[in-house]
Amino acid sequence: MTLENVTNLAGLFEVIDSCKGHVELVSAEGDRINLKSRLAQYLALAGAFSSGYVRRMELQIEDEEDRDKILEFVMDGKSTL
């Protein structure tokens, strides 16, 4: 799943924390970072502070229910608060 122009990273991480399965950030080089890790979340937030938002995120989501949760977060416009 690709997310674009996410400004509400704290809200996204709340949704990710509630997920049952693995949720990973996939880099352009194919590296995978576990977004359920607080350290990884802090690093993503630090990167966002330079621009105010994350332009593009590629997520690998293991569980279909988790995918639906994240999609609902994005579709409800909560990712841009």
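Computation of the quantities below employed the complete heavy-atom set of this structure, encompassing side-chain atoms and omitting hydrogens, waters and symmetry-equivalent molecules.
- Of all the heavy atoms in Ile61 and Arg67, the pair that sits closest is O-NH2, 3.1 Å.
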> Should Asp63 and His22 be marked as a side-chain contact (heavy atoms from CB on, under 4.5 Å) after you check the CA-CA gap, both sets of side-chain angles, and the distance that decides it?
Replying inline: CA-CA 7 Å; Asp63 186 89; His22 294 287; over 6 Å; no
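- Met57 is listed as a side-chain neighbour of Leu35, based on a closest heavy-atom distance under 4.5 Å.
- Under the 3.5 Å distance criterion, the side-chain polar atoms of Lys69 are matched with a main-chain donor or acceptor of Ser18.
- Using modelled atom types, no side-chain atom of Arg32 and backbone atom of Val26 make a donor-acceptor pair closer than 3.5 Å.
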> After noting the C-alpha distance and the side-chain angles of Glu58 and Leu25, does the key distance pass the side-chain contact (heavy atoms from CB on, under 4.5 Å) rule?
Replying inline: CA-CA 6 Å; Glu58 182 70 35; Leu25 175 66; 5.6 Å; no
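- Under a cut-off of 6.0 angstrom, the local environment of CD in Glu14 is sparse, with at most 12 non-hydrogen atoms contributed by other residues, nucleotides or ligands.
- No side-chain heavy atom of Asn5 sits less than 4.5 Å from a side-chain heavy atom of Arg56.
- Although no hydrogens or angles enter the test, the distance criterion places a donor-acceptor pair under 3.5 Å between the side chain of Asp66 and the main chain of Gly21.
- Residues forming a side chain to side chain donor-acceptor pair (under 3.5 Å) with Gln41 (at least two apart in sequence, or on another chain): Asp17, Arg38.
- Across Phe73 and Asn8, no two heavy atoms sit closer than the pair CZ-O, 3.9 Å.
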> Could you walk me through whether Ile16 and Lys36 pass the side-chain contact (heavy atoms from CB on, under 4.5 Å) check?
Replying inline: CA-CA 6 Å; Ile16 289 172; Lys36 292 186 86 176; 3.8 Å; yes
>> Using the rule given for side-chain contact (heavy atoms from CB on, under 4.5 Å), can you reason through Met1 versus Val74, listing the C-alpha separation, both sets of side-chain angles and the distance that settles it, and then say yes or no?
In response: CA-CA 11 Å; Met1 170 184 288; Val74 173; 5.6 Å; no
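- In this structure a side-chain-to-backbone donor-acceptor pair under 3.5 Å is missing from Asn34 to Glu24.
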